[in-house]
Amino acid sequence: EVQLQAFGGGLVQAGGSLRLSCVASGFTLDDYAIGWFRQAPGKERVGVSCITSSGGSTYYSDSVKGRFTISSDNAKNTVYLQMNSLKPDDTAVYYCAADRVCNYNIKLYDYWGQGTLVTVSS
């Protein structure tokens, strides 16, 4: 069974930090890039970060660059998103998704996790 599970969401004050995890099962991250997306209330789902299967390349949206760091541990089949200096505008459901290459086109991703809620209070 192919599955992605996102963990680590919660409630945090502005300026705080959270680390999200994306655990893959039923397939290996050696063959896939993992993207992180988020969807705020009333808004469209947008990409925020991506890491290639080799871990050699990472990408960030302008809104999170310098604050978020994506990393991978292929031995654990897990991708992490370290989120620092969180802002209320970061409040959203965060999803991880797998594709063959890094991109922010939602419709191109093969697999999606269920999402984890991040709430940042002011």
Side-chain angles (χ1 to χ4, degrees):
E1 180 182 3
V2 174
Q3 189 174 27
L4 288 171
Q5 294 178 290
F7 302 97
L11 176 64
V12 64
Q13 293 182 336
S17 299
L18 285 173
R19 189 178 75 160
L20 305 183
S21 300
C22 177
V23 181
S25 59
F27 68 101
T28 174
L29 293 184
D30 291 342
D31 300 324
Y32 286 88
I34 296 294
W36 283 99
F37 297 78
R38 67 186 184 188
Q39 187 166 17
K43 296 185 178 180
E44 296 182 352
R45 191 175 302 180
V46 296
V48 297
S49 188
C50 190
I51 188 167
T52 58
S53 60
S54 67
S57 297
T58 58
Y59 304 90
Y60 302 93
S61 67
D62 290 341
S63 62
V64 308
K65 191 174 299 182
R67 300 188 297 120
F68 291 10
T69 302
I70 191 170
S71 61
S72 61
D73 185 343
N74 283 15
K76 297 181 179 179
N77 237 26
T78 300
V79 170
Y80 305 96
L81 185 67
Q82 179 67 44
M83 306 185 297
N84 298 327
S85 301
L86 284 163
K87 306 173 181 178
D89 285 348
D90 295 319
T91 295
V93 176
Y94 283 72
Y95 302 87
C96 59
D99 196 7
R100 293 294 184 176
V101 297
C102 271
N103 66 86
Y104 289 155
N105 192 338
I106 293 173
K107 66 182 180 182
L108 296 181
Y109 278 76
D110 296 321
Y111 309 113
W112 288 88
Q114 83 287 359
T116 184
L117 177 63
V118 173
T119 302
V120 184
S121 62
S122 60

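- Contact check for Y109 versus N103: side-chain heavy atoms found under the 4.5 Å cut-off.
- Side-chain atoms of N74 never come within 3.5 Å of backbone atoms of S72 as a donor-acceptor pair (strictly under, hydrogens ignored).
- Taking the side-chain contact (heavy atoms from CB on, under 4.5 Å) definition, one finds that D89 meets it with nothing, sequence neighbours left out.
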Take F68 and Q82 through the test side-chain contact (heavy atoms from CB on, under 4.5 Å) and record every step on the way to the result. CA-CA 5 Å; F68 291 10; Q82 179 67 44; over 6 Å; no
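- Nearest heavy-atom pair across E44 and Q39 is C-CG, 4.1 Å.
- Under the 4.5 Å side-chain contact rule for hydrophobic residues, V79 and L81 share a cluster.
- With hydrophobic clusters built from ILVMFWY side chains whose heavy atoms lie under 4.5 angstrom apart, V48 does not share a cluster with Y59.
- The line from CG of D99 to CD1 of I106 is 12.0 Å long, rounded to the nearest 0.5 Å.
- Every residue two or more places apart in sequence or in another chain was checked for a side-chain hydrogen bond (donor to acceptor under 3.5 Å, both in side chains) with D73, and none qualifies.
- Residue pairs satisfying the side chain to side chain donor-acceptor pair (under 3.5 Å) criterion with at least one member in residues 11-21, sequence neighbours excluded, are listed as follows: S17-N84.
- For A92, the side-chain contact (heavy atoms from CB on, under 4.5 Å) partners two or more places apart in sequence, or in a different chain, are R38, A40, Y94.
- The shortest non-hydrogen separation linking S61 to Y104 is N-OH, 3.5 Å.
- Residues in residues 77-122 take part in these disulfide bond (SG atoms under 2.5 Å apart) pairs, two or more places apart or across chains: C22-C96, C50-C102.
- For the side-chain contact (heavy atoms from CB on, under 4.5 Å) test, residues two or more places apart in sequence or in another chain that qualify with S54 are T52.
- R67 is linked by a salt bridge (Lys or Arg N to Asp or Glu O under 4.0 Å) to D90, counting only residues two or more places apart in sequence or in another chain.
- When hydrophobic clusters are built by joining Ile, Leu, Val, Met, Phe, Trp and Tyr residues whose side-chain heavy atoms come closer than 4.5 Å, directly or via intermediates, M83 is grouped together with I51.
- Hydrophobic cluster membership for Y80: none, as no Ile, Leu, Val, Met, Phe, Trp or Tyr side chain comes under 4.5 Å of it.
- Y60 places a side-chain N or O within donor-acceptor distance of the main-chain N or O of I70, the cut-off being under 3.5 Å.
- Every residue meeting the side-chain contact (heavy atoms from CB on, under 4.5 Å) condition with D62, not counting sequence neighbours, appears here in chain and number order: K65.
- In the hydrophobic clustering of this structure, V64 groups with L18; members are Ile, Leu, Val, Met, Phe, Trp, Tyr whose side-chain heavy atoms approach within less than 4.5 Å, directly or through other members.
- With N77 contributing its side chain and L29 its backbone, the two residues share a donor-acceptor pair below 3.5 Å.
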Under 3.5 Å, which donor-acceptor pairs do the side chains of residues 112-122 form with other protein atoms, sequence neighbours left out?
from, atom 1, to, atom 2, distance (Å)
Q114, OE1, A6, N, 3.3
Q114, NE2, A6, O, 2.9
T116, OG1, G9, N, 3.0

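- When the side-chain hydrogen bond (donor to acceptor under 3.5 Å, both in side chains) test is applied to D110, no partner is found at least two apart in sequence or on another chain.
- Hydrophobic cluster membership differs between V23 and I34, with clusters built from Ile, Leu, Val, Met, Phe, Trp and Tyr side chains linked at under 4.5 angstrom.
- Taken from NZ in K87 to OG in S63, the straight-line distance is 8.0 Å, to the nearest 0.5 Å.
- Legend: residues meeting ring-ring contact (aromatic ring centres under 6.0 Å, His included) with F7, ordered by chain and number and at least two apart, are absent.
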